[in-house]
Structures are given as C-alpha cells and as structure tokens.
Amino acid sequence: MVVLLLADDDSGGDGPRRLTSEEASRLAMARFRNYEARGRAVTITVPGAAGELTVTGAVDYRRKVGYGVVHGTGRNRSSDGLIQWTPSAVRVHPMADAPAHAPASPPRSGWHDRPPLAAGSALDTALSIALGLGGDRPDNAELLSQNGAAWWGRERVAGKRVDVMTGPSSPDRSGTAGNVRYWIDSDGAMHRVRVTVESQPEPVVIDFDTHPYVPVKPAPTAAPAR
C-alpha cells in the first residue's frame, strides 16, 4: 500500500513556526481523544529494505492491544498473516493467503507468541508507536511548545481539513523535535501520524479511520514462537 502525503488545493501555511496556544492544546488532546474513542481503525505502513509491510486493523487504546492483518509488498509472503500485539507480546498467525481484513473473531488455533523486539525490527517499532498514540489524560500543552513542537501547514486527509504539526523532542533525546508529524483536525483528533524510524530510509505512517472500526477480541492462547 502506498500512502500519499500530499497537500491539496486547501493546503497552506508558512510553517514551520511555534504552535499557538490553541494549536498546542489540540495537539495535547490528540492522544487522549484516541483513548476517549476507546479504539480506532488503523492502517500502519512500515518501510523496509526487503519491501513494505502494511498492517490493516484496529487498536484498543483502553486495553492497549492491537489486532490486524499483515501484507507484504515487493517482498515474499513469509510475514503475511494475522497479528495481535500488546506492549509485552506479539502474537502471529501466519497465512499463505491472508485476507484483506482480519476476521472479527480471531482463529482458535495457529497462533505463536514472541516478545516484541526492542531494536532491529521496523514492524515491532511501528506496532509500539501505534499503541503509544493513546493516553488516559491530555499531554502538557505548555511543555509541547517549550520543547520544540511546531506547526507546519494545513492539508486535507480523506476530505477532512487538518493542521500538520510536529511533536517535541524526546525527553531523553535532544534534537529529535520533528521526528513525529501529526495530522490533527479542529477537534484534536488524529488522522495521520508519520514517524522517522532509525535505520529506515522512509518513515512509518499510521492512518486512522481507513476502514470501519471493529472492537479487538483476544486471540486464543498461543504456542511460543520457535
């Protein structure tokens, strides 16, 4: 899947510039909006030297669990199949002919568990990022502005007018302001997030509401991955 990050005729702006107080407040609310919604439908596009991976599914931001189907583009199909993930585990169900969308009820067998990889896996990094886009309270709007968050412009995503903003520097890594870019509407809802990932030439892209949201059901007990 190719995600186009193009502005349309309604785009505009003289960014980058510092966020206004209203923009900072919307950005601060964005992760909490996902938590308020309980869950969001997502399409996660993961770059890679061997080809692109696309995860089409959903994230439950209350329970911190995601579920979807993985498809490879320009690569072999060894990674294709169903996937369910939490902060502490990745559960995979390989499929030679994976469906376009994951079944609402996960299969009762065929699952294998493994721990998430902290480094060296763009897929696991993308899954962790997706889970982190929800929080049970708003972020600190004042700190966002103080630590380098910025406004870059205005675009439309799926017909919705949004502001494009970049996040602040990571608390433990200075100089990382701008590594995360958000497409935020007037209510503070996320429509797209783009994240620069180490060792990858292209960013991870997470698009929201690309298909109907289906609540995430837990997969049956899995066997350890071999």
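If you're wondering where the values come from, they're calculated on a predicted model, not measured in any experiment. Numbers here simply count residues along the sequence, with the first being 1.
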Which atoms form the tightest heavy-atom contact between [X] and [Y], and what is the distance?
X      : Y      : answer
Leu131 : Gly66  : CD2-N, 4.0 Å
Gly81  : Ala98  : N-CB, 3.9 Å
Arg33  : Asp187 : NE-O, 2.8 Å
Ala126 : Ile206 : O-CD1, 4.4 Å
Glu202 : Pro47  : O-CG, 3.0 Å
Val193 : Leu133 : CG2-CD1, 3.9 Å

- Message: Please report the interatomic distance CG(Leu123) to CG(Leu127), rounded to the nearest 0.5 Å.
- Response: 4.5 Å

- Message: Distance check, rounded to the nearest 0.5 Å: Thr86 atom OG1 versus Arg91 atom CZ?
- Response: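 CZ of Arg91 is found 8.5 Å from OG1 of Thr86.
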
- Task: Return yes when atom NZ of Lys217 has more than 12 non-hydrogen atoms of other residues, nucleotides or ligands closer than 6.0 Å, and no otherwise.
- Result: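 No, not enclosed.
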
- Message: Counting only heavy atoms from other residues, nucleotides and ligands, does the tally under 6.0 Å from CG of Asp136 exceed 12?
- Response: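 Yes, the 6.0 Å shell around CG holds more than 12 heavy atoms from other groups.
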
Please say yes or no: joined through hydrophobic side-chain contacts below 4.5 Å, possibly via intermediate residues, are [X] and [Y] part of one cluster?
X      : Y      : result
Trp152 : Val157 : yes
Tyr35  : Met29  : yes
Ile129 : Val59  : yes

Do [X] and [Y] touch side chain to side chain, with heavy atoms closer than 4.5 Å?
X      : Y      : result
Arg18  : Ser145 : yes
Pro106 : Leu82  : no
Pro94  : His112 : yes
Tyr67  : Pro103 : yes
Arg114 : Asp124 : yes
Pro203 : Val195 : no
Ile184 : Met190 : yes

- Query: Of the options Val69, Val70, Leu53, which is the one that meets Ile83 in a side-chain contact (heavy atoms from CB on, under 4.5 Å)?
  - Reply: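 Exactly one pass, corresponding to Val70.
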
- Only one of Val46, Asn179, Thr125 clears side-chain contact (heavy atoms from CB on, under 4.5 Å) with Val197; which?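 So, applying the side-chain contact (heavy atoms from CB on, under 4.5 Å) to Val197 and each of Val46, Asn179, Thr125, only Thr125 qualifies.
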
Measure from the side-chain N and O atoms of [X] to the backbone N and O of [Y], and report whether any donor-acceptor pair falls under 3.5 Å.
X      : Y      : result
Glu142 : Ala24  : no
Arg63  : Val216 : yes
His71  : Pro99  : yes
Arg26  : Asp185 : yes

- Item | Lys/Arg-Asp/Glu bridge criterion (N-O < 4.0 Å) met for Asp209, Arg40 | yes

- Residues Asp139 and Arg31 bridged, charged N to O under 4.0 Å: yes

- Item | Identified salt bridge (charged side-chain N to carboxylate O under 4.0 Å, His left out) partner of Asp207 from the options Arg194, Lys160, Arg192 |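 One option only clears the test, and that one is Arg192.
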
- Task: Give the C-alpha distance, both sets of side-chain angles, the deciding distance and a yes or no for side-chain contact (heavy atoms from CB on, under 4.5 Å) between Thr54 and Thr43.
- Result: CA-CA 7 Å; Thr54 302; Thr43 297; 3.7 Å; yes

- So which pairs with a foot in residues 190-214 pass ring-ring contact (aromatic ring centres under 6.0 Å, His included), sequence neighbours left out? His101-His211

- Distance-only donor-acceptor check, side chains Thr20 and Trp151, under 3.5 Å: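 Short answer, no.
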
- Task: May I ask you to decide if the ring planes of His93 and Trp111 are parallel, tilted or perpendicular, using 30° and 60° as cut-offs?
- Result: perpendicular

